[in-house]
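Take a look at the structure below.
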Amino acid sequence: MARAGLASVGQDPGGSPAGRLLDWYDRHARDLPWRVSPLARARGRRPDPYGVWLSEIMLQQTTVKTVGPYFEDFLARWPRVKDLAAADTAEVMSAWAGLGYYSRARNLHACARMVAGELGGIFPQTEEGLLALPGVGPYTAAAIAAIAFDEPAAVMDGNVERVISRLFAITTPLPAAKAEIRDRLRTLVPDTRPGDFAQATMDLGATLCSPKKPACSLCPWTDICAAAAQGIAETLPVKPPKKEKPTRHGAAFWLTDGKGHVLLRTRPPKGLLGGMDEVPGTEWREQKAVDHLPHAPAEAPWEVLPGTVRHVFTHFALELVVYRAEVADRPQAEGEWVPVDSLTARALPTVMRKVVAHADPDAAKQFRRRK
DNA sequence: GATGCGTGGCA
DNA sequence: TTGCCAAGCAT
């Protein structure tokens with residue numbers, strides 16, 4: 001933890017910036033389920049490309065804490081890429097339920113099938129090759145290339161954008177600043193341990209160089225950080241103003257048959273909650289409907305439940321009224337009758353789990369097993 | 001370049 | 001309570 005005195009600025013007190021960051025990483029790397037520790041890596045242990053790929057897809061826009069149990073569950077169910085490729089899509093969607101951004105799950109499965117099939121079970125080892133895989137964009141391709149294959153790729157995620165924009169005091173707003181951030185990052189990427197360097201920059205952003213109240217005094221780069229020197233670290237990177245979220249309204253219909261089954265539907269494969277299961281409902285509109293019942297999946301003695309279900313998506317908030325009915329004989333209705341006690345096996349997104357909890361609190365208890 | 005796409009944690 | 005935002009990608 002040697003502190004670089006003013007006299008040593010520009011003198012490279014602890015080696016190159018990358019070297020100093022790696023030194024910090026050797027001492028502070030977090031122990032994560034998909035990570036090979038710096039020590040084990042130094043001893044020659046290599047991360048499994050399948051595990052690196054799986055974790056990176058899950059980590060897109062998703063926190064480490066949230067991903068943990070899902071990663072363990074996927075790896076236990078499908079230890080190798082060919083196992084995942086052989087799974088049913090419905091089973092994969094069910095296992096992904098709750099993690100969000102469900103197109104990731106579809107692309108994950110498509111990618112597994114591509115790798116296990118036409119690629120002979122071997123992941124591409126270059127950024128370019130990885131970029132051609134479904135669900136793999138610039139960040140993920142670079143991350144896999146660096147972490148799994150020791151390619152000196154510039155791995156730039158939200159954390160790294162923050163770290164680099166501060167290090168060089170880049171005040172251009174995002175996303176226009178990305179090109180400059182990437183150029184700056186490239187000057188830092190070392191030829192040795194590029195994978196650890198990538199993980200170190202992300203760890204730095206996730207721990208010390210946080211969006212608010214960065215812990216500059218503990219940072220291995222504090223003495224070479226332009227933003228810290230100018231006292232503007234917390235203001236960077238500059239982001240565009242946020243758009244406001246409208247609230248949409250709708251209704252959901254919980255219909256049971258008296259024999260422990262409930263009517264569910266599967267949403268279309270693309271778009272919001274694509275390919276996921278749902279409790280049948282109305283469309284979701286900003287205007288509140290006067291009467292929901294004409295949109296019910298069947299005629300039944302519908303009873304409106306008190307309260308509403310609220311859920312916030314990326315670009316709008318949703319408020320649902322829940323109706324409940326039980327019928328002795330199943331009416332003609334689009335969808336599938338599913339045992340109420342096996343809903344965990346279904347691909348129910350979080351908003352629909354909230355609907356279940358509202359309509360039948362006992363049934364919702366089965367969801368508590370995970371996490 | 002802009003937009004659509006989930007969820008949970010935390011200040 | 002409310003807003004912020006986290007290891008982005010596809011279109």
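We name chains A, B, ... by the order of the sequence lines, and we start the count at 1 in each one.
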Q: Can you tell me the distance, in whole Å, between the CG atom of A/Leu99 and the C1' atom of B/dG8?
A: 11 Å
(Q) Does a side-chain N or O of A/Thr62 approach OP1 or OP2 of C/dG8 to a distance below 4.0 Å, or not? (A) no
Q. With a 4.5 Å heavy-atom cut-off, do A/Arg353 and A/Leu343 have their side chains touching?
A. no
Q: Tell me what A/Leu32 touches on the nucleic acid: a base, only sugar-phosphate, or nothing, going by heavy atoms under 4.0 Å.
A: base
(Q) Under a 3.5 Å cutoff, is there a donor and acceptor pairing between the side chains of A/Thr62 and A/Arg104? (A) yes
Q: Can you tell me the distance, in whole Å, between the NZ atom of A/Lys212 and the P atom of B/dC10?
A: 14 Å
Q: Hey, which sits more toward the 5' end of DNA chain C by its nearest nucleotide, A/Ser55 or A/Leu131?
A: A/Ser55
Q. In the hydrophobic clustering that connects Ile, Leu, Val, Met, Phe, Trp and Tyr at side-chain heavy-atom distances below 4.5 Å, which members other than A/Val304 occupy its cluster, ordered by chain and number?
A. A/Phe253, A/Leu255, A/Leu263, A/Leu293, A/Trp302, A/Val321, A/Tyr323, A/Val327, A/Trp337
Q) Heavy atoms under 4.0 Å, any strand shown: does A/Arg162 hit a base, just sugar-phosphate, or nothing? A) sugar-phosphate
Q | Sub-4.0 Å heavy-atom contacts from residues 235-247 of chain A onto DNA chain C, ordered by number | A | A/Lys239, A/Lys242
Q.
Classify A/Val160 by what it touches in the nucleic acid, base, sugar-phosphate, or nothing, heavy-atom distance under 4.0 Å.
A. nothing
Q: Ignoring hydrogens and angles, tell me if any N or O in the side chain of A/Ser342 forms a donor-acceptor pair with the backbone of A/Ala345 under 3.5 Å.
A: no
**Q.** Verdict with reasoning, A/Arg27 to A/Asp23, per salt bridge (Lys or Arg N to Asp or Glu O under 4.0 Å)
**A.** CA-CA 7 Å; A/Arg27 286 175 283 122; A/Asp23 185 52; 3.2 Å; yes
Q | Spacing between A/Arg353 atom CZ and B/dT7 atom P, to the nearest angstrom | A | 10 Å
Q. Would you say A/His315 reaches B/dT3's phosphate, i.e. side-chain N/O to OP1/OP2 under 4.0 Å?
A. no
Q.
From C-beta outward on A/Asn107, which listed nucleotide comes closest to its side chain: B/dT7, C/dA10, C/dG8?
A. C/dA10
Q) Rounded to the Å, how far apart are A/Arg106 CZ and B/dC5 P? A) 15 Å
Q: Let me know the distance between CZ of A/Arg310 and P of C/dT2, rounded to the nearest Å.
A: 8 Å
Q: Under the salt bridge (Lys or Arg N to Asp or Glu O under 4.0 Å) rule, what do A/Asp329 and A/Lys259 come out as? Steps first, then yes or no, please.
A: CA-CA 10 Å; A/Asp329 297 309; A/Lys259 290 176 291 233; 5.4 Å; no
Q. Rounding to a whole Å, what distance do you find between A/Leu133:CG and C/dC9:P?
A. 12 Å
Q: Find which nucleotide of DNA chain C each of A/Gly135 and A/Val64 is nearest to by heavy atoms, and output the residue with the more 5' nucleotide.
A: A/Val64
Q: Please check the phosphate of B/dT7 (OP1 and OP2 only) for any side-chain N or O of A/Tyr102 closer than 4.0 Å.
A: yes
Q | A/Phe316 vs A/Pro175, nearer the 5' end of DNA chain B by closest nucleotide | A | A/Pro175
Q | d(CD, A/Glu234; P, B/dA11) in whole Å | A | 14 Å
Q. Under 3.5 Å, side chain of A/Arg166 to main-chain N/O of A/Ala233, donor-acceptor pair present?
A. yes
Q) How far, in whole Å, is B/dG8 from C/dC9 if one measures between their P atoms? A) 22 Å
Q | Cation over ring face, A/Arg267 and A/Trp284, 6.0 Å, 45° | A | yes
Q. When all nucleic acid strands are considered with a 4.0 Å heavy-atom cut-off, which category describes A/Thr140: base, sugar-phosphate, or nothing?
A. sugar-phosphate
(Q) Once you apply a heavy-atom cut-off of 4.0 Å, does A/Arg30 come out as touching a base, just sugar-phosphate, or nothing? (A) base
Q) Does A/Tyr139 get its side chain close enough to the base of C/dG8, under 3.5 Å, for a donor-acceptor pair? A) no
(Q) If the cut-off is 4.0 Å, is A/Gln61 near the phosphate of C/dG8, judged by side-chain N/O to OP1 or OP2? (A) yes
**Q.** Separation of C/dC9 C1' from A/Lys270 NZ (nearest whole Å)
**A.** 13 Å
Q. So does A/Thr314 reach the base of B/dG6 with its side chain, donor to acceptor, closer than 3.5 Å?
A. yes
Q: Under 4.0 Å between any heavy atoms, over every strand shown, what does A/Ile57 touch: base, sugar-phosphate, or nothing? Just pick one.
A: nothing
Q: Determine: side-chain N/O of A/Ser103 to OP1/OP2 of B/dC5, distance under 4.0 Å, yes or no.
A: no
(Q) Need to verify one output field. Residue with the more 5' nearest nucleotide on DNA chain B, A/Thr63 or A/Gly271? (A) A/Gly271
Q | Nearest to side-chain heavy atoms of A/Asp157, which nucleotide of B/dG8, C/dG8, B/dG9 | A | C/dG8
Q) Mind checking who shares a hydrophobic cluster with A/Leu236, ILVMFWY linked at side-chain heavy-atom distances under 4.5 Å? A) A/Ile232, A/Val238
